[in-house]
Amino acid sequence: MMTAFLGNMRGWEWIIILVVILLLFGGKKIPELMRAMGKGVKSFKSGLNDAVDDVEGKPKEGNNDEK
């Protein structure tokens, strides 16, 4: 249902949403918000890759305990 909602939005509707976000957060806060969101996505991907490596049984890159 969310995909249908986002798929029906036209260009002017996106512009209105962006203007409202700009008014709510201000011009200085938006780069900070995007930076924090990017860090969150990077952390999520890293955690997901670690989980996949654990399931597949691959050793971690930083593990040098082998003698």
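Heavy atoms only: backbone and side chains are in, while hydrogens, waters and symmetry mates are out. In this text the structure is predicted, and so the values were computed from the model without any measurement.
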If you link ILVMFWY side chains whenever their heavy atoms are less than 4.5 Å apart, which other residues fall into the same cluster as Val41? By chain and number, please. none
Set of side-chain contact (heavy atoms from CB on, under 4.5 Å) partners for Leu22, sequence neighbours left out: Ile30
Partner residues of Leu33 under the side-chain contact (heavy atoms from CB on, under 4.5 Å) criterion, sequence neighbours left out: Phe25, Lys29
So among Arg35, Lys28, Met34, which one has a side-chain contact (heavy atoms from CB on, under 4.5 Å) with Pro31? Arg35
For residues 36-49, which residue pairs pass the salt bridge (charged side-chain N to carboxylate O under 4.0 Å, His left out) check, not counting sequence neighbours? none
Hits for side-chain contact (heavy atoms from CB on, under 4.5 Å) against Val52, two or more places apart or cross-chain, chain-then-number order -> Glu56
Should side-chain heavy atoms under 4.5 Å link Ile, Leu, Val, Met, Phe, Trp and Tyr, which residues sit in the same cluster as Ile15? Val19, Leu23
Could you see if Trp12 belongs to whatever hydrophobic cluster contains Leu18? Use Ile, Leu, Val, Met, Phe, Trp, Tyr and a side-chain cutoff under 4.5 Å. no
